[in-house]
Protein chains: 2
Amino acid sequence: MRPMSLPVGLPALADSDLVGQIARILMQAIVQGRLPPGSKVVEAGVARELGVSRAPVREAARLLEKQGLLVASPRRGFFVRKLEIRNIDEIYDLRLCIERHASVLAAKRLSPESRDVLRRQIDVLHQTADLDDPARQVEEDYRFHRLIFEIADNRRLLRLFDDLAAELRMVIGLIGRLYDDPHEIARTHEPLLAAIEAGHPERITAHVDYHIGHAWREVGRLVRELTPPLGNAAEPSSILFPTNGVTV
Amino acid sequence: MRPMSLPVGLPALADSDLVGQIARILMQAIVQGRLPPGSKVVEAGVARELGVSRAPVREAARLLEKQGLLVASPRRGFFVRKLEIRNIDEIYDLRLCIERHASVLAAKRLSPESRDVLRRQIDVLHQTADLDDPARQVEEDYRFHRLIFEIADNRRLLRLFDDLAAELRMVIGLIGRLYDDPHEIARTHEPLLAAIEAGHPERITAHVDYHIGHAWREVGRLVRELTPPLGNAAEPSSILFPTNGVTV
DNA sequence: CAAGATTAAAGTGTCGACAATCGACGATTA
DNA sequence: TAATCGTCGATTGTCGACACTTTAATCTTG
C-alpha cells in the first residue's frame with residue numbers, strides 16, 4: 001500500500017491513472033476560479049496537497065498546457081492562461097466552425113432515440129432555469145451541445161469540443177452569470193433542435209451561428225469590460241499579474 | 001524596471017526545451033515510419049537512445065498521446081496509433097471542416113503580400129514535382145495549406161492543423177506515393193487560390209471540398225487496401241532512432 | 001504433447017534527491 | 001534617494017531507484 005497522505009479539501013484520488021485524475025482536479029480548480037488566470041501552478045505545492053510526487057503533476061500540467069488551459073514558461077513554471085480577448089475570439093471562432101459542422105452531421109445521423117435525448121435535455125434546461133444556479137445552468141447548456149457532438153459521432157470532434165468547453169467554462173465561471181434570463185437560454189435551443197430535426201443545413205448553420213454568435217458577443221463584451229484593469233493585452237513579461245499566490 | 005526583457009514577442013525559447021525536442025524526435029520517427037503503427041514505444045529504450053532519463057520521455061509521450069499519435073494503455077505503455085479507417089475518416093472530416101473555415105477566413109484577410117506567398121508556394125509545388133521526391137512533395141503540399149491557416153490568423157486553428165497534419169503525414173508516409181502525377185497536385189491548387197483571391201465563400205468551400213475530399217478518398221482507398229496485410233507490426237525495442245544524438 | 005502453472009525478465013508508475021536557475025530582498029555605492 | 005549588484009530561498013528540470021505489473025520463457029503435469 002502506498003503511504004498516501006490525507007488530502008485536506010480535495011477529492012481523494014483512488015483509481016489508477018493518477019495523471020488523468022490530477023489533470024481533472026487541476027482543471028476543476030481552474031474552471032471554478034480557485035486558480036485564477038495568470039496564477040502560477042507550483043508543482044511541489046500541488047503534489048504536496050494531493051499527496052503525490054511531482055512527476056505525475058508535471059505530466060498532468062503538460063496535458064493541460066496542450067489543451068490550452070495552462071501556459072508553460074521555460075524555467076518559471078506553469079501559469080493559468082490569461083484572459084486575452086484574442087484568445088476568446090479564437091476559441092469561439094473555432095467552436096463556431098466545428099459546431100456548425102457537428103450540428104449538420106448530427107442532423108444526418110439523428111435517430112428517434114437521439115432526438116429524444118436532445119428533447120429531454122432541453123427540458124432539463126428549463127427545469128434548471130428555475131433553480132437560479134448559474135453554474136449549473138452553464139453546465140446543462142454545455143451538456144446539450146455536447147450531446148450534439150456525440151450524435152455527430154466523430155470522437156476527435158468531441159474531444160476538441162471538450163477541450164474548448166473547458167476553457168470556455170473557465171471564462172464563463174469568471175464572469176459569473178452569462179444571461180439575464182435562464183429561460184431565454186433554454187428557449188433558444190428549441191429552434192436549433194427543430195432545424196436539426198428538419199435537416200436543412202442552411203437553417204441549422206444559421207441557428208448555430210445565432211446561438212453561438214450570441215454567446216460569443218456576450219462573453220466578448222463581458223471580458224472586455226473585465227479586462228481594462230490590466231491595460232492593453234501586453235503579451236510578454238507575464239508578470240503583470242503579481243505572484244497572486246493562490247496556487248492551490 | 002524589470003530586469004529582463006529580451007526582444008518582445010519572440011517565441012525564442014525553443015532550445016533548452018528537452019520535452020519539446022523529444023516530442024519532435026518521436027514525432028519524426030513516427031511519421032517517417034521508423035516507428036510503425038501498433039509498435040510499442042518503450043520509455044527506457046527511447047531514454048537510453050537519446051541519452052536522457054525517462055521523465056522527459058514520458059512527458060513527451062503524453063503530449064503525443066493528446067495529439068493523437070500515440071495511445072496509452074494503462075500499465076502497458078505507449079503505442080503508435082494504429083491505422084484504423086475510422087480514425088482516418090474522423091481526421092479528414094475534421095480537417096475538411098476547419099480548412100473550409102480557414103480558407104474563407106484567409107480570403108477575408110488576404111493581403112497582396114500573403115497572396116504572393118501563396119503564389120510562390122504553388123510555384124514551389126511545380127518545381128518540386130520535377131524532383132520525383134514524394135515525401136518532399138507532400139511536405140510542400142502541407143506547407144501551402146499551412147500558409148492558408150497562417151493567413152487565417154487564428155493560432156488555435158493553426159495548432160489544430162499541425163496536429164492533424166502530423167497524423168496525416170504518418171498515414172501518407174506509410175502508403176508512399178499518394179498521387180500519380182505530382183504536377184497534377186500543383187495544378188489543383190491554382191483554382192483554389194483563385195477562389196480565395198476572388199473571395200467567394202461558396203467557390204472557396206467548393207474547391208476545398210474538392211481538394212481535400214479527393215485526398216480523403218484517395219487515402220481512404222489506399223488505407224483500406226493496406227490494412228489487411230499490415231494490421232500490427234510489433235517491434236522489438238531496438239534501434240530505430242536518429243542516426244545521431246542530436247539531443248542533450 | 002498440449003495446457004496450465006511457475007518463474008524470470010522487462011517495463012511502467014511513482015518517488016525522493018540534487019544541481020541549475022529564477023526572483024526577491026537587502027547591502028553597497030554613488 | 002535611487003539604482004546596481006550579490007546573496008539566498010524557492011522552484012524547476014532532470015535523474016536514478018524501487019515496487020509492482022505485465023509479458024516471456026520455462027517447467028510441470030494430465
Side-chain angles (χ1 to χ4, degrees), chain A residues 1-5 7 13-23 25 35 38-65 70-80 236-248, chain B residues 1-6 12-23 25-26 35 38-65 70-80 232 234-238 245 247-248:
Chain A
M1 196 51 155
R2 204 171 58 257
M4 192 130 77
S5 71
L13 29 90
D15 301 311
S16 56
D17 189 20
L18 243 193
V19 176
Q21 290 216 245
I22 295 175
I25 290 174
L35 285 171
S39 64
K40 190 164 170 358
V41 177
V42 181
E43 299 172 10
V46 177
R48 185 163 13 85
E49 187 109 8
L50 297 178
V52 299
S53 77
R54 280 174 50 214
V57 174
R58 272 182 71 89
E59 294 183 26
R62 285 243 181 266
L63 289 183
L64 265 45
E65 185 205 355
L70 298 180
V71 290
S73 181
R75 299 248 171 207
R76 301 166 14 82
F78 294 94
F79 298 81
V80 179
S237 71
S238 46
I239 314 294
L240 27 84
F241 274 88
T243 56
N244 189 3
V246 196
T247 60
V248 178
Chain B
M1 207 30 177
R2 266 175 275 92
M4 49 92 276
S5 248
L6 305 150
L13 44 100
D15 269 312
S16 62
D17 179 16
L18 193 49
V19 175
Q21 286 206 251
I22 297 175
I25 290 174
L26 279 177
L35 284 171
S39 63
K40 189 166 176 343
V41 177
V42 180
E43 298 172 11
V46 176
R48 183 163 16 84
E49 193 118 6
L50 297 179
V52 299
S53 77
R54 280 173 49 213
V57 174
R58 272 182 73 88
E59 292 182 27
R62 278 251 134 76
L63 290 182
L64 265 45
E65 185 205 356
L70 299 179
V71 291
S73 181
R75 297 229 165 229
R76 302 163 20 79
F78 294 93
F79 298 80
V80 179
N232 52 0
E235 270 306 302
S237 57
S238 68
T247 56
V248 185

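Quick note on labels: first sequence line is chain A, next is B, and so on, each numbered from 1.
With the nearest nucleotide of DNA chain C identified for both A/S53 and B/G77, B/G77 has the one nearer the 5' end.
Considering all non-hydrogen atoms of both residues, A/A23 and A/A60 come closest at N-CB, 3.6 Å. Of all heavy-atom pairs between B/V80 and B/L70, the closest is CA-CD2, 3.7 Å. Closest non-hydrogen pair, A/R58 versus A/F78, comes out as O-CZ, 4.5 Å. Closest approach of A/F79 and A/G38 over heavy atoms only: CD2-O, 3.6 Å.
Looking at the side chain of A/R76, the nearest of the listed nucleotides C/dG11, C/dG23, C/dC15 is C/dG23. Closest to the side chain of A/P56, out of D/dT11, C/dC15, D/dG13, is C/dC15. Nearest to the side chain of A/A55, among C/dT12, D/dG13, C/dC15, sits C/dC15. Picking from C/dC22, D/dG13, C/dT14 the nucleotide with the shortest atom distance to the side chain of A/V19 gives C/dT14. Here C/dT12 is the nucleotide among C/dT12, D/dC15, C/dC15 with the atom lying nearest to any side-chain atom of B/E43.
Whole-Å rounding puts the A/F78 CZ to C/dC22 C1' distance at 16 Å. Across the protein-nucleic acid pair, B/F79 atom CZ and D/dT22 atom C1' stand 10 Å apart, rounded to whole Å. Atom CZ of B/R48 is separated from atom C1' of D/dG16 by 15 Å (rounded to the nearest Å). Look at CG on A/L18: it is 4 Å from P on C/dT14, rounded to the nearest Å. Note: CD (A/E65) to P (D/dT12) measures 14 Å, nearest angstrom. Across the protein-nucleic acid pair, B/R62 atom CZ and C/dT14 atom C1' stand 12 Å apart, rounded to whole Å. For the pair B/E59 CD and D/dG13 C1', the computed distance is 9 Å after rounding to whole Å. Here C/dG13 presents its P atom at 13 Å from CD1 of A/I22, a figure rounded to the nearest Å.
OP1 and OP2 of C/dT12 both lie 4.0 Å or more from every side-chain N or O belonging to B/R58. Between B/K40 and the phosphate of C/dT12, there is a side-chain N or O to OP1/OP2 separation shorter than 4.0 Å.
Using a cutoff of 4.0 Å between basic side-chain nitrogens and carboxylate oxygens, A/E65 and A/R62 are scored as salt-bridged.
No hydrogens or angles were tested; on distance alone, a donor-acceptor pair under 3.5 Å links the side chain of A/R54 to the base of D/dG13.
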